[in-house]
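Beneath this line is the structure, given in structure tokens, with notes to follow.
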Amino acid sequence: ALPTNGLVKVSGVGAEAAPNVDVESPETYIGYKRADSFLSPGGFVQDAAHTYKAPAHLEQNQWGLSGNWTDTEESATLNSAPSKILFRFHARDVHLVLGANGKAVRFRVTLDGKAPGANHGFDTNEKGEGQVKEQRLYQLLRQKDVNDDHTFEIEFLDPGVQAFSFTFG
């Protein structure tokens, strides 16, 4: 039934929910062709397997890889696990476009070094656990209160994941 005023209230769930107004982190690509603010020591090694070290310190909107990845123009593919992606962000929601080549890839996310608890996203539980099963946008965090910069980490427990881009809401 429609409300008496004739308007239908639409509310999205998960990654389809309306963005927060306090978003200071831009869409960020992981492939080297359009990547920005990548801070792992030594920068990108293009189109070849390389073991990256996590940045010692991240400022807002800086990010890095840790572990053995192959970075291409459009994405980075994880060669061996465990490995991480780290991002210093300012937003309520953290989304990441991920894909898996035929098998599920387990992951765990943290917010400022801790399990997200009530701040988990649609695709994670309170411990920050989830799985990549297909190529799509994954909502990894949905914070209850946004008031500061935070450090996001996703640790992949299996090889084979492809990471394409971050979006924030």
Side-chain angles (χ1 to χ4, degrees), residues 24-117 119-121 123-143 148-169:
E24 296 179 15
S25 293
E27 181 173 23
T28 301
Y29 296 91
I30 295 172
Y32 64 77
K33 183 178 180 182
R34 296 175 66 189
D36 191 25
S37 301
F38 180 71
L39 213 62
S40 287
F44 285 119
V45 173
Q46 297 181 1
D47 302 310
H50 180 73
T51 300
Y52 293 90
K53 293 194 182 325
H57 177 76
L58 293 173
E59 295 292 332
Q60 182 178 319
N61 302 327
Q62 294 177 332
W63 66 282
L65 298 171
S66 172
N68 193 277
W69 295 83
T70 298
D71 199 62
T72 65
E73 287 188 359
E74 302 296 326
S75 66
T77 301
L78 179 58
N79 300 313
S80 63
S83 292
K84 297 180 180 182
I85 303 174
L86 306 84
F87 200 111
R88 186 85 176 154
F89 72 99
H90 188 107
R92 179 192 64 197
D93 302 338
V94 176
H95 305 114
L96 186 54
V97 177
L98 298 166
N101 293 325
K103 64 176 184 132
V105 174
R106 299 169 299 143
F107 65 81
R108 181 174 40 245
V109 301
T110 60
L111 178 63
D112 297 326
K114 299 178 185 134
N119 293 312
H120 70 90
D123 295 301
T124 56
N125 63 23
E126 291 184 352
K127 294 178 185 175
E129 300 164 331
Q131 287 188 351
V132 177
K133 295 181 180 177
E134 61 190 347
Q135 185 175 321
R136 66 176 176 84
L137 180 75
Y138 288 80
Q139 184 190 68
L140 303 173
L141 292 177
R142 162 147 290 181
Q143 296 183 86
D148 205 353
D149 292 354
H150 296 282
T151 300
F152 165 84
E153 286 187 20
I154 183 167
E155 180 178 26
F156 296 99
L157 306 175
D158 303 301
V161 74
Q162 288 180 287
F164 293 87
S165 62
F166 280 96
T167 61
F168 301 90

Say you draw a straight line from [atom1] of [X] to [atom2] of [Y]; how long is it, rounded to the nearest 0.5 Å?
| X | Y | atom1 | atom2 | answer |
| --- | --- | --- | --- | --- |
| K133 | Y138 | NZ | OH | 8.5 Å |
| K114 | T151 | NZ | OG1 | 11.5 Å |
| E24 | D149 | CD | CG | 7.0 Å |
| L137 | T167 | CG | OG1 | 4.5 Å |
| T110 | L141 | OG1 | CG | 8.5 Å |
| F166 | L98 | CZ | CG | 8.0 Å |

Between N119 and H150, does the side-chain contact (heavy atoms from CB on, under 4.5 Å) criterion hold? Intermediate values first, please.
CA-CA 12 Å; N119 293 312; H150 296 282; over 6 Å; no
Can you tell me if [X] uses its side chain to pair, donor with acceptor, with the backbone of [Y] under 3.5 Å?
| X | Y | value |
| --- | --- | --- |
| T77 | Q162 | no |
| S66 | K84 | no |
| S25 | H90 | yes |
| S40 | G64 | no |
| Q62 | P55 | no |

Taking every non-hydrogen atom, the tightest pair across [X] and [Y]:
| X | Y | value |
| --- | --- | --- |
| D47 | Y32 | OD2-OH, 2.7 Å |
| Q131 | A104 | OE1-CB, 3.7 Å |
| S165 | E27 | OG-OE2, 4.2 Å |
| A91 | F168 | CB-CB, 3.6 Å |
| G160 | V105 | C-CG2, 4.3 Å |
| V109 | P116 | O-CD, 3.6 Å |

If we only count heavy atoms from C-beta on, is the T70 to N79 side-chain gap below 4.5 Å?
yes
Tell me, do F87 and I154 make a side-chain contact under 4.5 Å, heavy atoms counted?
no
Does one side chain, of H120 or N125, offer a donor that lies under 3.5 Å from an acceptor on the other?
no
Donor + acceptor pair across side chains of N68, S83 (<3.5 Å)
no
From CA spacing to verdict: side-chain contact (heavy atoms from CB on, under 4.5 Å), H50, D71:
CA-CA 8 Å; H50 180 73; D71 199 62; over 6 Å; no
Please work out which of the three classes, parallel, tilted or perpendicular, describes the rings of [Y] and [X], given edges at 30° and 60°.
| X | Y | answer |
| --- | --- | --- |
| F156 | W69 | perpendicular |
| F152 | F89 | perpendicular |
| F38 | Y52 | perpendicular |

Pair I30, V97 - check side-chain contact (heavy atoms from CB on, under 4.5 Å), show working.
CA-CA 10 Å; I30 295 172; V97 177; over 6 Å; no
Over 12 non-hydrogen atoms of neighbours within 6.0 angstrom of CZ in R108:
no
Chi angles and distances behind the side-chain contact (heavy atoms from CB on, under 4.5 Å) call for I85, W63
CA-CA 7 Å; I85 303 174; W63 66 282; 4.2 Å; yes
Qualifying residue, where the test is side chain to side chain donor-acceptor pair (under 3.5 Å) with Y29 and the options are E73, R34, E74:
R34
